[in-house]
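Keep in mind the model is a prediction, meaning the values are calculated, not measured.
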Amino acid sequence: RIQQLEAAHRYNSAEYETISAVLTTFFTLRTAPAPDCFVQSNAGMNRDIYVAMQGASEFTMSGVLADFNVTGRLHEIEVPVLLTS
C-alpha cells in the first residue's frame, strides 16, 4: 500500500503517516515507544531541508542525496569513522 500512496504523492495523508510511523518503529527505531531523543530531534527538524535532501518518502530516496556515494574517497579519511549506507 505504501508504494501506491507514494505513486500518488500522498505523503501527507493520514494513511501514509500511519504506515510510515509503523514502519519506522519496526525497521528504523526497532523499539516502541520512540526514544525521547528521536521524538525531540524529529520535532525540531526542518522538513523543507530534510525533504530536499532525502526526498518526500522515507523509504525511497529521491532528494539530492539519492546518488550520494563517497566510497571512492574513503581512502582520504584519516580518522576512525563509521560509514553506513
Q: Hydrophobic side-chain clustering at under 4.5 Å (ILVMFWY, transitive links): who's grouped with F27? Put none if nobody.
A: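 Members other than F27 - counting any ILVMFWY side chain reachable under 4.5 Å - are I2, L5, Y11, Y16, I19, V22, L23, F26, F59.
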Q.
Connecting only ILVMFWY residues whose side-chain heavy atoms lie within less than 4.5 Å of each other, what is the rest of V51's hydrophobic cluster?
A. none
Q. What pair of heavy atoms forms the shortest contact from S62 to G55, and how long is it?
A.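 Shortest heavy-atom contact: OG-CA, 3.4 Å.
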Q) Considering residues at least two apart in sequence or located in another chain, which fulfil the side chain to side chain contact (heavy atoms under 4.5 Å, CB included) criterion with L65? A) M53, M61, F68
Q: Identify, with sequence neighbours excluded, every residue that meets side chain to side chain contact (heavy atoms under 4.5 Å, CB included) alongside A34.
A: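 Only L29, F38, V39 meet the side chain to side chain contact (heavy atoms under 4.5 Å, CB included) criterion with A34.
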Q: Could you note down all residue pairs passing side-chain hydrogen bond (donor to acceptor under 3.5 Å, both in side chains) where residues 38-51 supplies at least one of them, sequence neighbours left out?
A: Y50-E58
Q: Could you name each residue pair satisfying side-chain hydrogen bond (donor to acceptor under 3.5 Å, both in side chains) that touches residues 68-83, not counting sequence neighbours?
A: N69-T71, R73-E76
Q. Between V79 and L74, is there a shared hydrophobic cluster once you connect ILVMFWY residues whose side-chain heavy atoms come closer than 4.5 Å?
A. yes
(Q) With a 4.5 Å cut-off on side-chain heavy atoms, are E15 and R1 touching? (A) yes
Q. Quick check: does any side chain N or O of T60 sit under 3.5 Å from a backbone N or O of S57, one acting as donor and the other as acceptor?
A.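 No; judged by distance alone, with no hydrogens or angles, the pair does not exist.
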